[in-house]
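See below for the structure under consideration.
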Amino acid sequence: MQAADSQWMARALQLAAQGLNTTAPNPRVGCVLVKGDEIVGEGWHVRAGEPHAEVHALRAAGKKARGATAYVTLEPCSHHGRTPPCADALIEAGVARVVCAMQDPNPQVAGQGIARLRAAGIQVESGLMEAAARELNVGFVSRMTRGLPWVRSKIAASLDGRTALANGTSQWITGAAARQDVQHWRARSCAVLTGIGTVLADDPQLNVRIDTERQPLRVVLDSTLRMSPSARMLQSGKVLICTASQDAGKRAALELQGAEVLLLVDAAGQVDLSAVMCELAQRGINEVLVEAGRVLNGALLQAGLVDELVLYLAPQILGDAACGMANLGELLRLEQRVDLAWRDVRRVGEDLRITAEVKLVLPEIYFCEMKRKEPRSE
C-alpha cells in the first residue's frame, strides 16, 4: 500500500455513505479514481438498478481513467445483474491499479472480480480500511453470509431500564431529540418490525418522518390477527403481517386494506421468529429495526435474533414496578445473561444513546438451508 491510499479510501467511504438510505438491497459502495495526486473521477451507488459507483467514477474521469488507481469500498462485481460487471468496465477503461476495502461476500462475486482484474494485468490490493467498509454494509454482509438481515432493537428507557409504567404509559420517556434521532435509524433500515401489542397500545405509523425517498417495509408480528383494518399503519405504505392464525375472514379484511398476510407458525403455535427473519432476508432486507415492547424484545433476544441494541436512556428513575426492557423470564444462572459489547455512547439532547452489539447469536450453521438458496442481489 502507498502512503496516500488511506486518504483516497476514506474519501471513497464518504461517498459510499451517501447511499445509506437508498441502495438496498444492494451494498453501499463508493469509488474514487486517482492519477498522480489528483482525483480524476468519483462516484457512489445510489440505488439498485442504476449504475454502480465504479461506472459513475469512470464516466466522470473519461479518458483520464487510463493508468489511474481506483479506490473502491467493495470488490468490483464480476457478474451480470441488473447492470454489467464493474470489473469489465475498469479493465476496458485501462485502470492500472485497484485498491478495494473488502472482498464482496456475495457468492456470485466472492473474489471473482479481483481474479478477473488480475487476469487482465491490473494490480489489485484488498483489505484497506476493511472494518469501516464492513460496518457500512453490516446488513448486506449479514444477509450474504448468514441468510439473515442485521437486526437492531431500539429501546427507549429510563436510567433504571424501565420502558413504561405498570399501566402501560410510555409517551414520552425520552426527549424530542432522541425521537428525532430514531428517524435516521428508520431511514437506513429496510424494514421496521414490531409486535401486535405495540400496535394495539400506540397505533403507530412507524414511517420515516425525515426527508427520504424510501419508506421501510413495516412488519407486524400478530399471532392471532388482532390487528384492526383501520390501524393507521395500513393507511399508507407496505405492511407485512406475520401470523399463526388461519382465520380467513380476518386475513381478508387486512388484505383489503393493502396488507400482506403471511402464515409462519412454529411448533408452539406462535409466529416463527426465525422464519420471519429468513423470509425478510429472502426479500432483500439488509437491516431491520425492531421497535417493540418487552415481550417481543425478550423473545427475539432469547432466540438469538438480535444483533445490536440501540438504547436511549433518559435521566429519570421509574422504579421497580415499571416495565423492563426485555422479558427474559427468571435467570437462575449468570451464564443465561445476554452479553453485550459496547459500540458507542453519546448524548442526544438530554438523553444518552448507547449502541451495543449482542455477543451471542444463533450459530451460522442454523441457517445453512437458507444459504443454499440463491441470494437476491444487484
Review point. So if you build clusters from Ile, Leu, Val, Met, Phe, Trp, Tyr with side-chain heavy-atom gaps below 4.5 Å, do L305 and L328 land together?
Key: yes
Review point. Do L240 and L193 share a hydrophobic cluster (ILVMFWY, side-chain heavy atoms under 4.5 Å, transitive)?
Key: yes
Does the pair [X]/[Y] count as a salt bridge with the N-to-O cut at 4.0 Å?
{"X": "R47", "Y": "E50", "answer": "yes"}
{"X": "E54", "Y": "R59", "answer": "no"}
{"X": "R346", "Y": "D351", "answer": "no"}

Indicate whether the side chain of [X] and that of [Y] have a donor and an acceptor atom separated by less than 3.5 Å.
{"X": "Q270", "Y": "S223", "answer": "yes"}
{"X": "S142", "Y": "R146", "answer": "yes"}
{"X": "E255", "Y": "Q257", "answer": "no"}
{"X": "S245", "Y": "T243", "answer": "no"}

By salt bridge (Lys or Arg N to Asp or Glu O under 4.0 Å), which residues pair with [X], not counting sequence neighbours?
{"X": "E287", "value": "R28, R152, R188"}
{"X": "R179", "value": "none"}
{"X": "R353", "value": "D181, D344"}
{"X": "R214", "value": "none"}

Check your understanding: What pairs with Q14 under side chain to side chain donor-acceptor pair (under 3.5 Å), at least two apart in sequence or on another chain?
Key -> R11
Exercise for review: Name all residues meeting the side chain to side chain donor-acceptor pair (under 3.5 Å) criterion together with Q112; count only those two or more places apart in sequence or in a different chain, and write none if there are none.
Suggested key: none
Are the side chains of [X] and [Y] in touch, meaning some heavy atoms are under 4.5 Å apart?
{"X": "I241", "Y": "M227", "result": "yes"}
{"X": "E75", "Y": "S126", "result": "no"}
{"X": "F140", "Y": "N106", "result": "yes"}
{"X": "V29", "Y": "H52", "result": "no"}
{"X": "T194", "Y": "V199", "result": "yes"}
{"X": "C31", "Y": "E42", "result": "no"}
{"X": "V271", "Y": "V265", "result": "no"}

Review point. Should we say atom CG of N167 is surrounded by more than 12 heavy atoms from elsewhere, each under 6.0 Å from it?
Key: yes
Study note, to complete from the structure: Between the OG atom in S228 and the CD1 atom in I196, the distance rounded to the nearest 0.5 Å is 9.0 Å
**Study point:** Result of checking L217, V192, L289, T198 against L206 for side-chain contact (heavy atoms from CB on, under 4.5 Å)
**Key:** V192
Study note, to complete from the structure: From the list I91, V124, I122, side-chain contact (heavy atoms from CB on, under 4.5 Å) with R116 holds only for I91
